[in-house]
Trainee: 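Please read through the structure below; I'll follow up with questions.
Chain naming here is simple, since letters A, B, ... match the order of the sequence lines and numbering starts at 1 in each.
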Amino acid sequence: MVSSLSTSVRTIGRMRAWNCASAFRTWILLKRSYASDAAKASLNHQAENVHEGGDKPVETNNVEQYDVAIVGGGMVGMALACTLASMPLTKSLSIAIIDSNPALGSRKHIPNDSIPDPRVSTVTPATLSHFKDIGAWEYIKKHSHAFFDKMQVWDYTGLGYTRYNAKDVGREILGCVVENKVLQSSLLSRLQDAGVGERIYPAKLTSMSLQSHFPSAVDMLDIETSNYSSRTSGDPKRHGCLAKLDLSDGNTLYTKLVVGADGAKSSVRKIAGLKTTGWNYSQHAVICTVKHATENHCAWQRFLPSGPIALLPIGDTYSNIVWTMTPHEASNHKSMHEDDFVKAINHALDYGYGPHPHSNLGFIDKFSWLAGGAISSMKESFEVPPKIDQLVSERMAFPLSLMHAHEYASHRVVLIGDAAHAVHPLAGQGVNLGFGDAICLSNIIAEGILVGSDIGELSLLKKYEKERKMANLTMMAILDGFQKAFSVDLGPINLLRAAAFHGAQYIGPLKRNIISYATGEQKWPLFG
Amino acid sequence: MAYRSSQHLWRQTYRTVFRSTNPNVLCPRLKSKSQLPIYSASTFVLQRFYGSKVGESGAATSVSSSLKQAEVAKFAAIAETWWDIEGPFKPLHAMNPTRVSFIRSTLCRHFRKDPNCARPLEGLKIIDVGCGGGILSEPLARLGATVTGIDAVEKNIRIARLHAGLDPSTSSIEYSCATAEQLVELNREFDAVIALEVIEHVANPSEFCQSLAALTAANGATVISTINRSMRAYAAAIVAAEYILRWLPRGTHQWSSFLTPEELVLLLQRASISVQEMAGFVYNPLTGKWALSDDVSVNFIALGAKQIHRKAL
């Protein structure tokens with residue numbers, strides 16, 4: 001009798017606390033904005049092929065609870081899930097992945113002999129070794145991929161060029177080009193084979209509600225009167241301060257941590273109210289797959305008056321083109337006849353806009369003290385990229401922009417990949433920064449679990465933010481600087497640019513530093 | 001006042017007798033000292049001093065308690081701010097992961113648990129004495145332990161309960177407003193008894209250690225952390241933390257109530273707990289991080305094992 005009375009008193013107390021708490025709660029509802037064309041064409045993200053109205057929402061009203069909910073099952077989101085599933089401290093976490101991309105629903109077989117998709121990523125050796133660690137490389141290597149051990153960068157003025165060679169830094173490769181869909185499906189297969197009981201929700205996030213703070217002192221004065229031997233009951237219906245996610249298929253889930261891996265137009269970021277800074281470059285990138293006669297093991301990049309054109313090997317006699325130009329030029333190049341387009345590419349990669357640079361070996365002799373040790377690529381002369389024979393895929397164009405979130409984390413919410421930062425796809429670094437985020441966040445979560453922290457706790461997530469902001473901003477500033485330096489056609493600037501090329505080509509230590517930075521080996525450029 | 005100065009004087013004498021600077025060699029040395037006549041002299045002092053009832057202790061409760069009521073009131077006043085990580089307990093929040101990592105690794109060693117898993121303390125019954133708002137109880141519960149948290153301040157317990165209820169993985173913590181002595185009377189036993197930053201706030205540290213020992217099951221572990229009574233601790237924990245940095249409300253700590261590692265080891269020894277591991281906490285003002293170290297001159301933590309062959313006095 002006494003105990004039942006005290007229980008009811010406690011229940012009333014709890015209800016009052018609940019009401020008070022809900023007044024302090026910030027309920028923010030936001031409809032997910034559908035991926036626009038820009039995001040659909042994005043090199044790095046999963047937003048394409050969003051099934052609209054294809055699957056009927058099923059009202060199941062299931063309430064599930066997870067440790068981590070990853071919104072966006074793209075390459076970066078999948079890499080996070082895989083990394084968490086492979087580390088001893090984090091493998092027992094329950095993970096939900098929310099993505100409406102139908103490709104995630106079932107294992108999709110990617111035929112090996114098909115023509116490579118134009119959406120590719122350059123995986124740096126640092127990312128590659130992480131993929132090996134988490135067991136994903138086994139899956140990726142079954143598909144077409146291309147290593148490159150050389151890189152040549154030059155510009156249209158013909159004043160200079162730089163060749164990088166993996167041997168300069170004692171490595172086998174500078175990077176590996178893999179199709180985005182291969183990366184994504186390999187990571188998914190790895191995750192499914194790990195058998196960690198993750199669950200994929202083929203739905204969109206419709207709303208998210210978060211309790212921003214622990215109820216304040218005022219609420220607490222009202223709380224149940226304490227009873228000496230009473231026990232706090234673990235009522236499963238109470239999800240306390242967990243984040244609540246409502247999905248388009250009628251499911252509702254509760255989670256300790258929401259990870260926004262949903263791309264540059266992240267709805268998680270918007271709902272959490274995390275602000276961004278950014279600008280458009282008023283440039284578009286045109287991407288496609290091309291075929292040439294010989295095999296290619298070099299990454300080529302030439303700076304043209306309106307932007308760089310890059311030719312990346314993607315296995316066999318195929319290469320990938322990323323050509324940056326003005327929006328007007330982009331629409332022209334997208335719609336012109338295939339033969340004309342191939343001609344335009346060959347023109348841009350060869351004699352178009354200006355002469356070939358000539359090797360300036362006299363420079364080495366004059367400034368041998370700068371060379372700082374023999375580097376094999378220093379004496380390599382300029383080469384002309386392979387001649388393109390045929391366009392073998394559709395051409396896609398998307399606008400380029402730079403975006404950076406002021407904060408990567410708030411209570412129970414954290415952003416990774418393009419949701420936190422979008423960069424110029426200049427050196428193929430965008431997705432590697434995202435993978436870097438995923439690795440760092442996994443380590444921070446493991447660190448938290450080690451000391452029994454709540455993994456959604458802001459102080460823990462801020463550690464991730466601090467670490468990644470530095471790395472991401474440095475790379476963004478460099479890429480943005482590059483983009484600006486190469487988009488000006490002015491005599492003195494051209495000369496400076498040529499000097500920079502010479503520096504990068506012939507100053508040994510500088511060259512080694514640039515390579516190890518670009519391959520993800522080193523955190524800071526120049527200060528090795 | 002007379003009590004304070006007598007305590008202070010005694011400690012001065014005591015300190016000169018047992019001055020040991022290296023904590024790592026402390027335990028064996030003390031064990032051998034226990035055979036010496038000097039030990040019996042100190043035993044006499046200890047009994048004379050700690051055995052006497054201090055007026056302010058246990059006045060409000062019917063059950064005997066080693067608590068100081070003034071200290072209880074001090075914490076009740078700031079209880080609401082336990083989970084405000086920018087509030088008065090900010091230093092405790094900052095230090096907490098370091099404390100937990102000591103407890104995690106030493107308990108794993110003591111109970112031969114696998115430290116490389118997410119819930120290494122699974123199956124262990126742990127009591128957090130002086131749990132406050134549950135800052136330590138919650139991580140211990142997430143590490144798999146079955147946790148009981150007790151505190152003499154009822155408001156703390158209410159806050160701890162409310163906060164633990166917010167996370168399903170901590171909602172099983174049993175919180176109650178009680179003192180260690182009250183649980184001893186109920187014959188409760190735990191695999192590990194943990195009292196962090198509590199002993200410097202109790203009126204009778206000797207009795208407190210006896211109670212902790214009584215709560216510890218055979219072959220169990222007792223973990224205590226406190227502040228050293230050193231000049232550096234005075235500078236760091238009182239002058240810097242309370243007056244300069246204002247991390248803590250003024251008057252949070254009384255330098256004279258601090259214990260040196262030697263004194264703590266001795267008090268535990270007398271309660272049949274032999275100290276096995278000890279570490280210091282050091283704060284790096286540049287990174288704002290705490291780390292474990294062998295420097296025990298300010299904050300330190302010790303884990304002792306309960307010996308079964310020698311029952312408490």
Side-chain angles (χ1 to χ4, degrees), chain A residues 10 13-14 17-18 20-21 65 67 87-93 211 213-242 254 256 411-412 445-460 462-463 466, chain B residues 78-87 93-94 96-105 114-121 133 136-145 148-149 154-178 182 186:
Chain A
R10 259 188 291 140
R14 193 169 291 146
W18 181 260
C20 284
Q65 194 195 307
D67 293 317
M87 302 201 302
L89 281 169
T90 54
K91 68 180 175 200
S92 50
L93 291 175
Q211 186 193 35
H213 292 292
F214 181 58
S216 77
V218 190
D219 301 315
M220 276 192 268
L221 298 174
D222 275 347
I223 302 157
E224 52 183 307
T225 47
S226 90
N227 183 327
Y228 173 67
S229 60
S230 72
R231 206 172 205 287
T232 309
S233 59
D235 183 348
K237 291 278 176 210
R238 285 185 69 206
H239 295 277
C241 64
L242 300 185
Y254 287 88
K256 289 181 185 168
H411 185 62
R412 301 214 175 277
I445 290 174
E447 224 174 83
I449 289 174
L450 197 68
V451 293
S453 300
D454 176 351
I455 58 168
E457 207 172 82
L458 186 59
S459 54
L460 187 70
K462 281 285 173 192
K463 283 191 202 164
K466 195 177 164 195
Chain B
I78 50 171
E80 292 101 34
T81 53
W82 273 108
W83 288 97
D84 176 4
I85 55 166
E86 295 297 319
H93 281 283
N96 204 39
T98 318
R99 308 193 305 182
V100 177
S101 65
F102 176 88
I103 293 169
R104 182 189 215 275
S105 55
D114 172 21
N116 296 316
C117 70
R119 292 165 65 83
L121 305 184
L136 177 73
S137 299
E138 292 194 10
L140 292 175
R142 289 196 194 92
L143 293 177
T148 302
E154 199 181 316
K155 217 153 133 203
N156 285 348
I157 291 299
R158 273 187 255 148
I159 285 155
R161 259 190 214 142
L162 181 87
H163 196 269
L166 295 176
D167 181 352
S169 54
T170 56
S171 59
S172 62
I173 299 173
E174 177 192 344
Y175 282 116
S176 57
C177 180
Q182 285 171 320
L186 293 171

Trainee: Are side-chain heavy atoms of B:Pro168 and A:Leu242 found at a separation under 4.5 Å?
Mentor: yes
Trainee: Do A:Ser92 and B:Arg119 have side chains that approach each other closer than 4.5 Å (heavy atoms only, starting at C-beta)?
Mentor: no
Trainee: Can you see which heavy atom on B:Arg142 is nearest to which on A:Gly452, and at what distance?
Mentor: NH1-O, 2.8 Å
Trainee: Name the region of A:Lys91, side chain, backbone, both or neither, that has any atom closer than 4.5 Å to a heavy atom of chain B.
Mentor: neither
Trainee: Hey, are the side chains of B:Glu138 and A:Asp454 touching, using non-hydrogen atoms and a 4.5 Å cut-off?
Mentor: no
Trainee: Tell me the closest heavy-atom pair linking A:Leu450 and B:Leu143, and the distance in Å.
Mentor: O-CD2, 3.7 Å
Trainee: Can you tell me how far the CD atom of A:Glu457 sits from the CG atom of B:Asp167, to the nearest 0.5 Å?
Mentor: 10.0 Å
Trainee: Tell me the closest heavy-atom pair linking B:Ala118 and A:Ile449, and the distance in Å.
Mentor: CB-CG2, 3.9 Å
Trainee: Any side-chain heavy atom of B:Ser101 within less than 4.5 Å of one from A:Val451?
Mentor: yes
